[in-house]
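Counting convention: from 1, in listed order, for ligands and their atoms alike.
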Amino acid sequence: MPFSFLRPELDQLQAYTTHADSDHLPSEPLDILDTNEFPADLPPDLKQKFVDHLWNFIPANRYPDGSHVRLKTAITHYVNSQITTPGQPITPDQVSLGCGSDELIRSILLATCGPGQGKILVAEPTFSMYGILARGLGIEVISIGRNPDHFDMDLAAADQALDNQAIQVIFVVHPNSPTGNALTGAEQAWLRTIPNSVLVVIDEAYFEFSGLTLAGELADHPNWLILRTFSKAWRLAAFRVGYGLGHPEVILALEKLRLPYNLTAPSLAAAQLVLSEQESLLGAVPGLLAQRDQMFQALQAIPQLRVCPSDGNFIYFQAQEQRTTQQLAQTLRQAGSLVRFTCDGIRLTIGTAAENERVLRRIQAWAKTR
Ligand SMILES: *Cc1c(COP(=O)(O)O)cnc(C)c1O
């Protein structure tokens, strides 16, 4: 029905779904290797502790803490403990919490741009959510390319865009998704030259895997905002908690735009709990990285594939042709390994040892038929 009260541009947009092109019935066993989550649930004793906490201390009839002050403080302790360069420690007024980093990305867009007013710059291939959320708000997305060999950004094109377009925000991912490459020295140097009239968003969703962060430089760059999430290494994707780190004035703008109770009490409690169990939970990361390195070598040994080194918990690879790559993704999905076909490549999340073995066997079987 043509509802004239709906914005006509919405016809061009699609609702976001994951596992969208799965051909499977929900009853079939699937290896979920397409959304970059950590492959293991929280340990049972920790989950029980969480349930007990919920039962004993979270009154269902009361609104959650809308100030997030306890969690913000816990996050500053965590972030500061991970900063290796000497800098100014992050304080709670430099932290904003979102219902996933997705909410923060939307708040950033609301705070900086409007329909026909201000544009964002991204280097593709990259995380799709910046473009999706911007277009939903009627904000123009300027997209520059990357070097096809190593996927570093075309900085000349980026400079040209900054000179000629009304860019308000640059979004970069460190390391990038789907390609897995961290920001190079040249890219970091370039970010340091961006004037304060442009907001630089550095998405560190995979920090716990890469160990790489620019948080130590926040004090030197008031126009930088770092995004992190509890959805990946912290195993809390179901709870939707992300955070932004930046200058107090920028953070205040995000705080003004978020929903008053954007995080549920269980979500706040879950984030608090995993931070208190940092050692045991993040202690599992090196094992996962070893699996990733093993997978990288095994994929690299397949001559039909081009495989990119990764600083995240996923690997991006391509067959010779775009169509072949797409067919491989389809073959894997039908066999029960959900992988993500995106930007002409396959992004494979590192799963459990058994899941990794299964998907590798399926890829090797495919290669034999080529
Ligand atoms: C997974 C991911 C996020 C996390 O999003 P949430 O909304 O916090 O789950 C953010 N940025 C990138 C680049 C990601 O890959």
Side-chain angles (χ1 to χ4, degrees), residues 16-19 32-39 68 71 75 79 95-109 120-134 136 141 143 146 151 153 169-183 187 200-210 212-215 225-246 254 258-259 262-264 267-268 270-271 274-275 285 288 292 308 310-316 338-340 342-343 345-351:
Y16 187 80
T17 49
T18 47
H19 316 310
I32 299 174
L33 303 174
D34 64 342
T35 33
N36 287 356
E37 296 135 327
F38 195 83
H68 306 156
L71 183 54
I75 285 173
V79 171
V95 184
S96 183
L97 296 177
C99 180
S101 342
D102 293 343
E103 188 199 5
L104 291 159
I105 295 165
R106 176 131 76 170
S107 297
I108 289 164
L109 294 167
I120 69 162
L121 181 75
V122 297
E124 287 185 290
T126 195
F127 188 47
S128 59
M129 205 50 74
Y130 314 125
I132 291 171
L133 294 175
V141 181
S143 174
R146 290 173 182 269
F151 294 108
M153 295 160 55
V169 191
I170 301 169
F171 284 95
V172 297
V173 196
H174 185 42
N176 190 41
S177 172
T179 50
N181 52 309
L183 289 169
E187 287 169 335
V200 174
V201 177
I202 302 159
D203 190 334
E204 295 184 346
Y206 300 98
F207 162 66
E208 283 77 14
F209 299 107
S210 72
L212 302 168
T213 181
L214 293 176
L225 187 75
I226 289 178
L227 291 181
R228 298 265 190 93
T229 182
F230 284 92
S231 297
K232 305 283 157 67
W234 289 107
R235 315 185 196 185
L236 290 188
F239 288 88
R240 312 298 300 123
V241 188
Y243 58 96
L245 306 168
L254 302 184
R258 68 173 172 82
L259 294 177
N262 58 339
L263 290 183
T264 66
S267 296
L268 288 167
V274 295
L275 282 174
V285 167
L288 190 97
R292 177 198 66 195
C308 308
S310 170
D311 276 305
N313 62 332
F314 55 90
I315 295 180
Y316 181 79
L338 288 187
V339 296
R340 177 133 186 174
T342 179
C343 313
I346 290 174
R347 193 192 65 191
L348 169 68
T349 307
I350 302 305

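No N or O atom of Asn36 sits closer than 3.5 Å to an N or O atom of ligand 1. Below 3.5 Å of separation, one finds no N or O of Ser177 facing any N or O of ligand 1.
Within the 4.0 Å heavy-atom criterion, the part of Lys232 lying near ligand 1 is the side chain and not the backbone. With a 4.0 Å heavy-atom cut-off, ligand 1 is reached by no atom of Phe230. At a heavy-atom distance under 4.0 Å, only side-chain atoms of Ala205, from C-beta outward, approach ligand 1. Within the 4.0 Å heavy-atom criterion, the part of Asp203 lying near ligand 1 is the side chain and not the backbone. Residue-level proximity to ligand 1 for Arg240 is carried by the side chain, the only part with a heavy atom below 4.0 angstrom.
Listed by number with element, the atoms of ligand 1 under 4.0 angstrom from any heavy atom of Val173 are 13 (C). Close approach of ligand 1 to Ser231 is summarised as follows: ligand atoms under 4.0 Å from at least one heavy atom of the residue are 6 (P), 8 (O), 9 (O). Interface atoms of ligand 1 facing Gly100, defined by a heavy-atom separation under 4.0 Å, are 6 (P), 7 (O), 8 (O).
Under 3.5 Å, the side chains of Thr213 and Arg228 contain a donor-acceptor pair of N or O atoms. With no hydrogens or angles considered, a side-chain donor-acceptor pair links Tyr130 and Asp203 at under 3.5 Å. A side-chain donor from one of Arg347 and Ser177 sits under 3.5 Å from a side-chain acceptor of the other.
Not one N or O on the side chain of Arg292 forms a donor-acceptor pair closer than 3.5 Å with the backbone of Ile315.
Given atom 15 (O) of ligand 1, the protein heavy atom at minimum distance is Tyr206 OH, 2.6 Å. Looking only at heavy atoms of the protein, atom 5 (O) of ligand 1 is closest to Ser101 OG, 3.5 Å.
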Start with the C-alpha gap between Phe127 and Phe171, add the side-chain angles, then the distance that decides, and say whether side-chain contact (heavy atoms from CB on, under 4.5 Å) holds.
CA-CA 9 Å; Phe127 188 47; Phe171 284 95; over 6 Å; no
Pair Tyr316, Asn181 - check side chain to side chain donor-acceptor pair (under 3.5 Å), show working.
CA-CA 10 Å; Tyr316 181 79; Asn181 52 309; over 6 Å; no
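Asp102 approaches Leu133 most closely through the heavy-atom pair O-CD1, 3.5 Å.
Proximity of Leu254 to Leu225: side-chain heavy atoms (C-beta onward) are separated by under 4.5 Å at one or more points.
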